[in-house]
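The structure appears below as structure tokens.
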Amino acid sequence: MSAASFAALSRGDGSPRITQDFWKTEESRRLLLASTLMTEIGKDPALLGPLPPITEVIRVLTEAQEQAPAEVGALLIDPEVGSGCAYALRRLRGGARGDGPLWLDLGIVHALALAASARAGLPWSTRLPLRDGNAMIPSYGIARFAAGPEQVTEAHTTDGDIRLRSGGQHVDMDDPDGGASWWSLRSIRAGEELPLTVRLDDLDPLRDLADPVPPARLDDAAFERWRRLITSAWELLCRDYRADAEAMAGGVVSIVPLQHEPGWDTRSASHGEAFGAVMMSEPRDAVEMAVTLIHEFQHIRLGALLHLIRLTEPDDGTLYYAPWRDDPRPLPGLIQGVYAFFGIAKFWRIRWGTTSGTERTQAAFEYALARQQTAEALRIVLSAPGLTESGQRFFQGLHTRLGEWSHEPADAVDPDVARLAAITADSHRIGWRLRHFRPRENDVAELISLRTAGKPAEPLGPVPAAIRPHAGLRWDQHIPAAARRRILSTTASPDPLIAGEAALLSHDVPGARAAFVSAIGRTSGAVDNADVPDDEARAWAGLALSLAAAGDTPAATALRRRPDLVRAVYAGMGRRVDPADIATWLGPAFPDRP
């Protein structure tokens, strides 16, 4: 990688040239992945069970590559091939556990060789494993057989045509009516001047991040919705985000529809060994589709860079705060989030300048929130001891770019919008600390003793807190949705806790404080090793923010930094006192420091 490309990426930018360079380096890695898998299989021929020997697979792959190097090269770099080979290697090395026999997953190499033979126009016969009666052929589609005892299918290719047979049933890939026996992978093309062609992969069993999943064929109406969303999002990106679209046009080749899950908005992800593939649940509109593509393409580019340059030292188990995650993250996960959310901040910054009315206000809020969260996470990353020298240079470039935005007069969002974004970001951080920090029992006992004796809280200095991840992956928050509703001028529920959050967002500080104190009295339980309930975390976070808004700096400081300690002292006093008074008393124990 050239110094110029590294510098561009470190500022969150890209180019078609960088994308093409990544394809070349990823092709090299993919060859290494596939050859490593086949070498490992070759050490124990019995691993393949009823499938043909690995020597036959290597022979036909070699011949196909000699006959049609471009076609086979394009097949090898297909995202499905990467995720399939990576999963098979993880199973082989004990990093994944499948429900079926090992050879079921190792058979990816036979499916790969069959697809290569078809692309090269070579005749070849083999056996492929059946997963729940299905046989996936990379880049082509899936053959579907009726349920039966058969675990393999006979597969043949001649002149580019693929035929399969199992238990008296026959499947022909070129059967004109398709039918229930063969499902082809379908593609969508968007744009004319700058085209984007993506495969909508609803078939491949390894298309998700975890274990194999069954095919989930989209019906015609769902496929048409995805086509419209992708086409409209691409028009938006080409019009307002031209540089990003130019870099992405050759870099995103597959979109995997995911199922919606309760408690999530649009889910999205990418796989380090499937360069060019984006997984996402169906977005609500073209704007959400566009920002998700920007977000995931940032992950894709950083993943490819990490295959070339080490930005972090080996994971030492240290966990960090990520403003967009409810769970603690290791440093490698945190840097991925930083890079992706920088892309989100850039997206909303541009949209803020290209829209008007409510859309502009909404974009300003999303930009202010993403910018604050990214800046906070960048400070954490740059102070982490696990960052390499290259990592320091890379993320310092991102920090510089973010700083440039913050000092531009045009980037000064409306004060009320900025206030709502700050409340949203701060409430998440405080709640995160309350959920995951565990105070030391000696510290709590000493503070309770001082409070009971009527003595002031002594300066504590940097008080260590053990991080014990909360059992729940997601935290049921309300402020983010309430802040967005306020921007859109819609109303909220009359629930007392929600009423406190609504008062906070509308700058009714006394009302917010009273509501949160009342909520803490109702929800706060004994402090032990149990996880803090979501409603209680919301109440303490809201109290911290209402105290800050009222100018009670010492109390707000204590609750912002160590809400777990304030909660523990409050519970230790038998909840006979005002929790805000406990925070005020503890304030001097936290001298002002970064």
Side-chain angles (χ1 to χ4, degrees), residues 263-265 319-329 334 337 341 369-370 372-374 376-377 380 419-439 465-486 492-493 495-505 512-513 515-525 527-549 555-571 579-580 582-583 586 590:
W264 294 73
D265 292 324
L319 296 174
Y320 297 88
Y321 172 60
W324 42 84
R325 294 281 300 226
D326 292 344
D327 54 332
R329 300 293 289 162
L334 179 59
F341 269 77
L369 177 60
Q372 177 173 334
Q373 291 177 323
T374 306
E376 179 171 9
I380 295 171
R419 182 181 67 85
L420 293 174
I423 288 173
T424 304
D426 291 346
S427 68
H428 182 272
R429 184 195 321 102
I430 296 165
W432 184 95
R433 289 176 173 174
L434 191 60
R435 296 176 90 234
H436 302 298
F437 278 9
R438 294 294 182 270
I467 289 182
R468 195 200 76 186
H470 192 283
L473 176 64
R474 300 284 289 175
W475 172 29
D476 183 18
Q477 301 169 76
H478 176 76
I479 280 185
R484 291 180 173 96
R485 276 199 302 269
R486 179 170 173 78
S493 162
D495 176 86
L497 182 55
I498 294 177
E501 290 165 334
L504 176 65
L505 294 171
R513 171 175 169 159
F516 291 128
V517 167
S518 174
I520 288 170
R522 293 194 315 273
T523 62
S524 183
V527 175
D528 51 27
N529 288 327
D531 291 324
V532 178
D534 289 353
D535 281 356
E536 187 181 350
R538 287 169 55 190
W540 281 103
L543 178 61
L545 295 171
S546 60
L547 292 172
T557 299
L559 272 170
R560 283 170 178 268
R561 291 184 180 169
R562 290 297 306 277
D564 58 305
L565 201 57
V566 179
R567 174 181 180 264
V569 173
Y570 169 73
I582 293 293
L586 273 171
F590 295 89

* Would you find a donor on one side and an acceptor on the other, under 3.5 Å apart, between the side chain of D534 and the backbone of D476? -> yes
When the ring centroid of H436 is compared with that of W432, is the distance short of 6.0 Å? yes
Practice problem: Please tell me if the side chains of P579 and V566 come closer than 4.5 Å, counting only heavy atoms from C-beta onward. | Solution: no
Beyond-backbone contact of W475 with R538, side-chain heavy atoms, under 4.5 angstrom
yes
(Q) Side chains of R485 and L505, heavy atoms from C-beta outward: is any pair under 4.5 Å? (A) no
Determine whether a donor-acceptor pair (N or O, by modelled atom type, separation under 3.5 Å) exists between the side chain of Y321 and the backbone of R429. yes
Does P480 reach the side chain of T424, with side-chain heavy atoms less than 4.5 Å apart?
yes
Taken to the nearest 0.5 Å, the spacing of L559 CG from L545 CG works out to 9.0 Å
**Asked** So do I520 and E536 actually touch side chain to side chain, heavy atoms under 4.5 Å?
**Response** no
Inset, instruction - Please confirm whether H470 and F437 have ring centers closer than 6.0 angstrom. - result: no
Would you check if the side chain of R433 reaches a backbone N or O of R560 as a donor-acceptor pair within less than 3.5 Å? yes
In this structure, CG of L586 is separated from OH of Y570 (nearest 0.5 Å) by 14.0 Å
Derivation of the side chain to side chain contact (heavy atoms under 4.5 Å, CB included) call for R567 and L434 | CA-CA 8 Å; R567 174 181 180 264; L434 191 60; 3.7 Å; yes
| Do L504 and R513 have side-chain heavy atoms sitting under 4.5 Å apart? | no
field: Test side chain to side chain contact (heavy atoms under 4.5 Å, CB included) applied to D531 and R468, step by step
entry: CA-CA 9 Å; D531 291 324; R468 195 200 76 186; 2.7 Å; yes
- Could you tell me whether D426 and R419 make a salt bridge, using a distance below 4.0 angstrom between a side-chain N and a carboxylate O? no
Note to self: Could you check whether any side-chain heavy atom of R435 comes within less than 4.5 Å of a side-chain heavy atom of D326, counting everything from C-beta outward?
What the structure shows: yes
Heavy atoms, side chains only, cut-off 4.5 Å: are R486 and L420 in contact? yes
